[in-house]
Student: 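This is the structure I have questions about; it appears just below.
Letters go in sequence order (proteins before strands), and every chain restarts at 1.
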2 protein chains.
Amino acid sequence: MPRKSRKLGPIRLTEVAKLAGVSPITASRFFRNPEALSVSKRERVESAAKELGYVPNLAARALASQRTEVIGVLIPSLTNNVFNDVLRGIYDASEGSRYTIQFVNTRYSILQEEKLLRLFQAQKPAGLIVTGINQTEESRAVMQAMNCPIVQIMETGPDPVDMMVGFSHYDAAFAAVSHLLQQGRKRIGFIGARMDPRVQRRLEGYRDAMKAASLFDPNLILTTPTPTAMTLGGTLLADLLAKAPDLDAVFCINDDLALGVLFECQRRGIAIPEKLAIIGFNDMEFMASAVPSLSSVRTNRYEMGRDAVTMLVEAVEGRRPAKPVVDLGFELMIRESSAPRNG
Amino acid sequence: MPRKSRKLGPIRLTEVAKLAGVSPITASRFFRNPEALSVSKRERVESAAKELGYVPNLAARALASQRTEVIGVLIPSLTNNVFNDVLRGIYDASEGSRYTIQFVNTRYSILQEEKLLRLFQAQKPAGLIVTGINQTEESRAVMQAMNCPIVQIMETGPDPVDMMVGFSHYDAAFAAVSHLLQQGRKRIGFIGARMDPRVQRRLEGYRDAMKAASLFDPNLILTTPTPTAMTLGGTLLADLLAKAPDLDAVFCINDDLALGVLFECQRRGIAIPEKLAIIGFNDMEFMASAVPSLSSVRTNRYEMGRDAVTMLVEAVEGRRPAKPVVDLGFELMIRESSAPRNG
DNA sequence: CCGCCAAAAGACAGCGCTACCATTTTCTTG
DNA sequence: CAAGAAAATGGTAGCGCTGTCTTTTGGCGG
């Protein structure tokens, strides 16, 4: 006898079935597809399960059925508040479904991402959410082999692995810079930190907008691989001002930097927007309440997370979306910090 | 024959064992406790596993061993940035271990918490992290029955379910208000939102500090059950000023509200700290860079998450901590916003 | 009242791994 | 060098559930 005799542990499906007077397999079906049972048996199983306080053993279910009800989520950072909103959307959407979220942090490393992807592969998740479109060849191969729906989030691009929900960072940055140009600004700086692929694309948008206006000047660009932080905004503005004292606007690749820039300006007595216009990116809540209120590019982060889960759930259940790539767009939120000079 | 013949799916332990020329159970041991194998077998299993690209099937492992390597985390909110930092600590600490984090959101509802706790119970987690000390009787009973180490985080209190990592919100608030009193402030307002149990305890700390100075006045207190937000800070300040026009300081239960208050003051031309002193709570990064810089109470959120996981892992492995309740304390960060009036 | 068909219920084996114990091998030591 | 202890390894069964197929049941027309 290899194991101790039956311990009195948690209630098993067999016990429920016995109490309900049905076979275990019928009880099993009750939990997966109650419609398949006759009304009488359905009620009996239901009350038996309630009476015993039965909770299915997920490990056994996963082993027997060869699949799980887990949605794997790969996100590059928890420090960056942007992903906080995305996660909120993901968790909110998952609560209505029967799927569980399993979240992992790639730390902006595509090799770490590859490793984690392999780990997920072994768990046979029901679906996968990955950030961005810059996966390694190997990662793409693993994803393709996984045989589950996959959504790439945060940006759109050509050649989706499966599905996508995002927006064009290039277009968003182009629009933000174009707005500053329309306000008559000419010496528009670019302040960027961390410089992940999406930030790189924002830089391209900035560059092309400036070139289109024949105002491009590499001295107006200041970037650092350092992770973003509010204090960094102040430091970077100081450095940029040293390189380009005639700066009359800044495009910050996120709102933390923008607020840091605002504070630095207050410290130095630089009038916003008269001397310097500021525009941020993402439109976090504080942008609207700052004094002066700060312009930004609103991105639909919560919706991205939420829609990714929705698409995944639909796809798992066989209802693949009409178009696999969803562009959630962006919106310019023009506020005091980029008002016309004489406004 | 109930199933199709052996499909060519993922590599199983048996395959690895065969290639290594050992029994499956020996191969199994390699993955759980390599020390138990002789060096020669260890090397053979290792290379066989690598060659075949073996990844253990976690569902089978969980089913056979009757336990998982999951740490369940119950946290009340993803919107509140405080928990972002805690989660970071949790995830960072878990990466060094073999445990996986399974996070769920209780939405500040103790009934939801109870429900989620039951769900976790069925999954037999290796450990559990729960927020706060205000669980239902039923929840406590479930936890006690779970037979796994449990850490309550975010605050300390009497009667831990098992272990605790946190600090005294009462003491922290008391200290913050005492500081304002020492600066000669007499009409110190309290601005609070959401009013979860921990915020309630901060209110008590405020109340007792004011009473001790014989300066308590209920008109100085303004709270709302609304979730916290930066704009809310401004609104609440406006309302409080209507009730108590002679206000000379505010204690905000978090930094978002404090920044909102600062912005509202800038809008109204209220001089900080001359007319009004401000102190927040948590010491988020932006507090130091604001102009004027904002005082706050530093709390060790990241460390709380990190230490909770560390304690859990230690406990699972039989090394229970010397003292089950860890007080991480707090630190008053005094900055310009609560400097003396003539400073 | 029979036969037919669809729907409902059940039988059975096995998913991939590990607990438990038995057995073999290696190491100590008088 | 024998004998006992300790370490390393293996055999077997089963964790709790579900996929597949088979059997039973019930409804209905003739």
Side-chain angles (χ1 to χ4, degrees), chain A residues 1-18 20-45 48-49 52-69 98 121-124 126, chain B residues 1-18 20-45 48-49 52-69 98 121-124 126:
Chain A
M1 197 167 306
R3 305 226 175 170
K4 290 198 184 87
S5 67
R6 175 99 232 103
K7 64 180 172 358
L8 299 161
I11 287 82
R12 288 158 310 151
L13 190 56
T14 323
E15 266 118 45
V16 176
K18 199 172 289 169
V22 299
S23 72
I25 191 69
T26 301
S28 167
R29 274 195 272 262
F30 169 78
F31 293 101
R32 291 175 294 148
N33 181 19
E35 315 302 311
L37 300 203
S38 65
V39 179
S40 70
K41 306 240 162 170
R42 196 186 309 167
E43 282 166 357
R44 270 154 61 197
V45 177
L52 296 172
Y54 172 74
V55 191
N57 180 319
L58 299 180
R61 178 178 283 179
L63 180 59
S65 68
Q66 298 281 64
R67 50 199 176 70
T68 60
E69 291 184 343
R98 56 186 192 172
Q121 188 179 23
Q123 290 187 55
K124 304 188 181 82
Chain B
M1 197 166 307
R3 306 226 172 169
K4 290 198 185 85
S5 67
R6 175 99 234 104
K7 62 179 175 359
L8 299 160
I11 287 83
R12 287 159 308 151
L13 189 56
T14 324
E15 266 118 46
V16 176
K18 200 172 289 168
V22 300
S23 71
I25 190 68
T26 300
S28 168
R29 275 195 271 263
F30 169 77
F31 293 101
R32 291 174 294 147
N33 181 19
E35 314 303 310
L37 300 203
S38 64
V39 179
S40 70
K41 306 238 163 170
R42 197 186 310 168
E43 281 166 358
R44 269 154 62 199
V45 177
L52 296 171
Y54 171 75
V55 191
N57 179 321
L58 298 180
R61 176 179 285 179
L63 180 59
S65 68
Q66 298 282 65
R67 51 200 173 67
T68 60
E69 291 183 342
R98 56 187 191 171
Q121 189 178 22
Q123 291 186 56
K124 304 187 181 83

Student: Measure the spacing between CG of B:L52 and CG of B:L13 and express it to the nearest 0.5 Å.
Tutor: 11.0 Å
Student: Which protein N or O atoms sit under 3.5 Å from an N or O of nucleotides 8-11 of chain C?
Tutor:
| from | atom 1 | to | atom 2 | distance (Å) |
| --- | --- | --- | --- | --- |
| C:dA9 | OP1 | A:S38 | OG | 2.5 |
| C:dA9 | OP2 | A:S38 | N | 3.1 |
| C:dA9 | N7 | A:R29 | NH2 | 3.4 |
| C:dG10 | OP2 | A:S23 | N | 2.8 |
| C:dG10 | OP2 | A:S23 | OG | 2.9 |
| C:dG10 | OP2 | A:T26 | OG1 | 2.7 |
| C:dG10 | O5' | A:S23 | OG | 3.4 |
| C:dG10 | N7 | A:R29 | NH2 | 2.7 |
| C:dG10 | O6 | A:R29 | NH2 | 3.4 |

Student: Give one of base, sugar-phosphate or nothing for B:F30, where a contact means two heavy atoms less than 4.0 Å apart.
Tutor: nothing
Student: Using a heavy-atom cut-off of under 4.0 Å over every strand shown, decide if B:R42 touches base, sugar-phosphate, or nothing.
Tutor: nothing
Student: Check nucleotides 23-25 of chain C for protein N or O atoms closer than 3.5 Å to its own N or O atoms and list the pairs.
Tutor:
none

Student: Among D:dT18, C:dA19, D:dC15, find the nucleotide with the atom closest to the side chain of B:R32.
Tutor: C:dA19
Student: Starting at atom CG of B:N57, determine the distance to atom C1' of D:dC17, rounded to an integer number of angstrom.
Tutor: 14 Å
Student: What's the spacing between B:T14 OG1 and B:I25 CD1 if we round to 0.5 Å?
Tutor: 11.0 Å
Student: Between atom CZ in A:R61 and atom C1' in D:dC17, what is the gap in whole Å?
Tutor: 8 Å
Student: Strictly below 4.0 Å, N to O, side chains only: are B:E15 and B:K18 in salt-bridge contact?
Tutor: no
Student: Taking only the side-chain heavy atoms of A:R67 (C-beta and beyond), determine which of C:dC17, D:dG16, D:dG19 contains the nearest atom.
Tutor: D:dG19
Student: Within the structure provided, determine whether A:V55 and B:Q121 are in side-chain contact (heavy-atom separation under 4.5 Å).
Tutor: no
Student: Can you tell me how far P of D:dT12 sits from CG of B:L13, to the nearest Å?
Tutor: 17 Å
Student: Going from OG1 on A:T26 to CZ on A:R42, what distance comes out if it is rounded to the nearest 0.5 angstrom?
Tutor: 13.0 Å
Student: Atom CZ of A:R61 and atom CD of A:Q66: how far apart are they, to the nearest 0.5 Å?
Tutor: 14.5 Å
Student: Looking across every strand, which nucleic acid part, if any, lies under 4.0 Å from A:F31 by heavy atom: base, sugar-phosphate, or nothing?
Tutor: nothing
Student: What is the distance from CZ of B:R12 to P of C:dG14, rounded to the nearest Å?
Tutor: 12 Å
Student: Work out which heavy atom in B:V45 is nearest to a heavy atom in B:V16; give both atom names and the distance.
Tutor: O-CG1, 4.1 Å
Student: Compare side-chain N and O positions of B:Q66 against OP1 and OP2 of D:dG16 and report whether any pair is under 4.0 Å apart.
Tutor: yes
Student: Over how many whole Å does the gap from B:L52 atom CG to C:dG16 atom C1' extend?
Tutor: 15 Å
Student: Over its full length, what angle do the end axes of the helix from C:dC1-D:dG30 to C:dG30-D:dC1 make, each axis taken from five pairs and the result rounded to 10 degrees?
Tutor: 30°
Student: Given C:dC17, is OP1 or OP2 found less than 4.0 Å from the side-chain N or O atoms of B:Y54?
Tutor: yes
Student: Using every non-hydrogen atom in the two residues, find where B:K124 and B:T68 come nearest and quote the distance to one decimal.
Tutor: O-OG1, 2.9 Å
Student: B:L58 has an atom CG; how far is it from atom C1' of D:dC15, in whole Å?
Tutor: 16 Å
Student: Locate the shortest heavy-atom distance separating A:I11 from A:Y54; write the atom from each residue and the value.
Tutor: O-CD1, 3.4 Å
Student: Can you measure A:N33 atom CG to D:dG19 atom P for me and round it to whole angstrom units?
Tutor: 11 Å
